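These notes concern the structure reproduced below.
All values derive from a computational prediction rather than experimental measurement. Just the heavy atoms: all of them, side chains too, but no hydrogens, waters or symmetry mates, feed the values below.
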Amino acid sequence: MARAEVKQIAWDIQTMRIRGAGRIARAAARALKLTAKATRAKTPAGFTRELDHVSKLLLTTRPTAVSLPNAVRYVTLGAKRARGVDLQTLRRGIISRADEFIRDSRGAVERIGEIGARRISDGDIVLTHCNSDCALAVIKTAFEQGKRVQAFVTESRPSRQGLISVRELKKAGIPTTLIVDSAVRYFIRDIDKVIVGADSIAANGAVINKIGTSQIALIAHEARVLFFVAAESYKFHTGTLVGRLVEIEERSPKEIINPKRFPGVKIRNPVFDVTPPDYIDLIITERGIIPPSAAYTVIQELFEWRPGEEI
Ligand code: RUB
């Protein structure tokens, strides 16, 4: 039963029924918890093998959001380090680490909303791209505080996650305007601030987020409009400390159009892009606001990494 549920979670992440970097991470933690609850392993080694198997399954679903491997690592770290620990203790450890991750992750989104809202002024028109719980938390919190905020939301082709944001903002009572992705430069003079989420943040402060984010950042930069990123600490990517590149997911062309309609035409569908740190004014995390140039130090501290250490 649990095995089927775990497979279903992995499938839902792959097919984007569960999507958004934070939600993916929480779903992965839930899958590991289910595994621990239902295991039939007789020994700690058998249980660890089972965890490794589930971790691998989860890690192959989507490659770009580092929140996924960071969640898996967070939940399983205790099990990996345990020597001479009995099976029940190990199981309980996984369950409580998973619960802790899910609870802290939700708390982080709330805290980001509070911290970020301080940077939103009464009367601001804020543009967001795609659907990010963190970015929306900032807009919604500012609105709840009584600031007269309005939102512009890009459709976010091809999967149109902008429509999810529109519904959510509308539900919160925030005046919202939906535009197509290519209309951002047309409207940029009306916008006071741009706020987006992140799937990964590199050591040099570059932000990997939904395709189109970097174009919006460039447009905002040209028009001198502030560009904010809202992201939990587990979106920072340790591998980038040692020069590893973040893999950009390329999904099926069918998400754009039925390829049979254009035989012989190559259709490409990269779903994330990289926004250079020069175009980012600040990054809002649950630990506070940082400039993108501080990403290196933040990753070093968070993951207790020392130069020269293997990652
Ligand atoms: C979602 C996306 C979001 C980030 C951050 O892409 O790019 O901006 O994941 O979201 P997809 P959150 O729909 O392809 O998963 O702040 O909710 O973690």
Show the nearest heavy-atom pair for residues Val229 and Ala198, with the distance to one decimal. CG1-CB, 3.9 Å

Where do Val75 and Ile94 land on the side-chain contact (heavy atoms from CB on, under 4.5 Å) test, with the steps shown first? CA-CA 6 Å; Val75 176; Ile94 293 292; 3.9 Å; yes

Is Ile24 linked to Val6 within one hydrophobic cluster, defined over Ile, Leu, Val, Met, Phe, Trp and Tyr using a side-chain heavy-atom separation of less than 4.5 Å? yes

Considering residues, nucleotides and ligands other than Arg160, do more than 12 of their heavy atoms fall under 6.0 Å from its CZ? no

Are the side chains of Trp305 and Ile299 in contact, using a 4.5 Å heavy-atom criterion? no

Calculate, to the nearest 0.5 Å, the distance between atoms NZ and CD1 belonging to Lys254 and Ile256 respectively. 13.0 Å

What are the two closest heavy atoms between Ala230 and Val138, and how far apart are they? CB-CG2, 4.3 Å

Which residue is it: Val194, Ile195, Ile191, Asp281? I am looking for the one with a side chain to side chain contact (heavy atoms under 4.5 Å, CB included) to Leu226. Asp281

For the pair Arg26 and Asp133, find out whether any cationic side-chain nitrogen is under 4.0 Å from an anionic carboxylate oxygen. yes

Ile95 side, atom CD1; Leu34 side, atom CG - distance, nearest 0.5 Å: 9.5 Å

Would Tyr234 and Asp104 count as a side-chain contact (heavy atoms from CB on, under 4.5 Å) here? Give the steps. CA-CA 11 Å; Tyr234 55 79; Asp104 290 355; over 6 Å; no

Please verify the inter-ring angle class for Tyr74 with Phe101; under 30° counts as parallel, over 60° as perpendicular, anything in between as tilted. tilted

Determine whether Val207 and Thr213 satisfy the following criterion, side-chain contact (heavy atoms from CB on, under 4.5 Å), listing intermediate values before the conclusion. CA-CA 9 Å; Val207 165; Thr213 302; 5.6 Å; no

How about CD on Glu304, more than 12 heavy atoms from neighbouring residues, nucleotides or ligands closer than 6.0 Å, or not? no

Shared ILVMFWY cluster between Ile289 and Ile139, side chains joined below 4.5 angstrom? yes

Give a yes or no answer on whether the side chain of Lys210 reaches the backbone of Val271 with a donor-acceptor pair at less than 3.5 Å. yes

Does any N or O in the side chain of Ser159 come within less than 3.5 Å of the main-chain N or O of Gln161, such that one atom is a donor and the other an acceptor? no

First locate atom CZ of Arg73, then atom CG of Leu68, and finally report the distance between them rounded to the nearest 0.5 Å. 11.0 Å

Quick one: does any side-chain atom of Ser121 pair with a main-chain N or O of Asp124 as donor and acceptor, under 3.5 Å? no

Crowding at CD, Gln215 (>12 non-hydrogen neighbours, <6.0 Å): no

Go through the side-chain N and O atoms of Arg287 and Ser233 and say whether any donor and acceptor fall under 3.5 Å apart. yes

Between Val298 and Ile283, is there a side-chain heavy-atom distance shorter than 4.5 Å? no

Under 4.5 Å between side-chain heavy atoms, hopping through other hydrophobics if needed: is there a path connecting Val180 to Val184? no

If you group Ile, Leu, Val, Met, Phe, Trp and Tyr by side-chain heavy-atom gaps below 4.5 Å, do Ile179 and Leu218 land in one group? no

Side-chain H-bond candidate by donor/acceptor type, Tyr279 with Ser214, under 3.5 Å: no

Answer yes or no: is there a side-chain heavy-atom contact under 4.5 Å between Asp192 and Val126? no

Below 4.5 Å, heavy atoms only, C-beta onward: do Val66 and Phe236 meet side chain to side chain? no

Nearest atoms (heavy-atom pairs only) where Arg251 meets Arg62: NH1-NE, 3.7 Å

Should Ile216 and Val196 count as side-chain neighbours, where that means a heavy-atom distance under 4.5 Å? no

Just how far is it from atom CD of Gln88 to atom CG of Leu90, taken to the nearest 0.5 Å? 9.5 Å

Contact summary for Ser165 and Cys130, nearest pair of heavy atoms: OG-O, 2.7 Å

Please say yes or no: joined through hydrophobic side-chain contacts below 4.5 Å, possibly via intermediate residues, are Ile112 and Ile115 part of one cluster? yes

Hey, is Lys140 close enough to Glu168 for a salt bridge, meaning N to O under 4.0 Å? yes

So, do Ser55 and Thr76 sit near enough that their side-chain heavy atoms are less than 4.5 Å apart? yes

Rounded distance (nearest 0.5 Å) linking atom CD of Gln14 with atom OG1 of Thr60: 6.5 Å

Is the number of heavy atoms from other residues, nucleotides or ligands under 6.0 Å of Arg19 CZ greater than 12? yes

Can you find a heavy atom in the side chain of Thr64 that is under 4.5 Å from one in the side chain of Ile208? yes

Could you tell me whether a side-chain N or O of Ser67 sits under 3.5 Å from a main-chain N or O of Ala25, the two making a donor and an acceptor? no

Any donor and acceptor pair, going by atom type alone, linking the side chain of Thr39 with main-chain N or O of Thr35 inside 3.5 Å? no

Hey, does the side chain of His129 reach the backbone of Ile211 with a donor-acceptor pair shorter than 3.5 angstrom? yes

State whether the side chain of Thr285 and the backbone N or O of Gly288 hold a donor-acceptor pair below 3.5 Å, judged by distance alone. yes

Restricting to non-hydrogen atoms, name the atom on Lys235 and the atom on Ala231 that form the minimum distance, rounded to 0.1 Å. CG-CB, 4.0 Å

Cut-off 3.5 Å, no hydrogens considered: what does the side-chain donor-acceptor table look like for residues 144-153, sequence neighbours left out?
unit_1: Lys147; atom_1: NZ; unit_2: Ala117; atom_2: O; d: 2.8
unit_1: Lys147; atom_1: NZ; unit_2: Ile120; atom_2: O; d: 2.8
unit_1: Arg148; atom_1: NE; unit_2: Asp122; atom_2: OD1; d: 3.3
unit_1: Arg148; atom_1: NH2; unit_2: Asp122; atom_2: OD2; d: 2.5

NE2-CD1 distance between His221 and Ile188, expressed to the nearest 0.5 angstrom: 12.5 Å

Which atoms form the tightest heavy-atom contact between Ala135 and Gly197, and what is the distance? CB-N, 4.1 Å

Okay, side chain of Asn204, backbone of Pro277: is any donor-acceptor separation there less than 3.5 Å? no

Step-by-step side-chain contact (heavy atoms from CB on, under 4.5 Å) determination, Leu32 to Val72: CA-CA 8 Å; Leu32 290 163; Val72 169; 4.3 Å; yes

Is the backbone of Thr154 close enough, under 3.5 Å, to the side chain of Asp181 for a donor and an acceptor to pair up by distance? no

Sub-4.5 Å side-chain heavy-atom contact between Phe228 and Lys193: yes

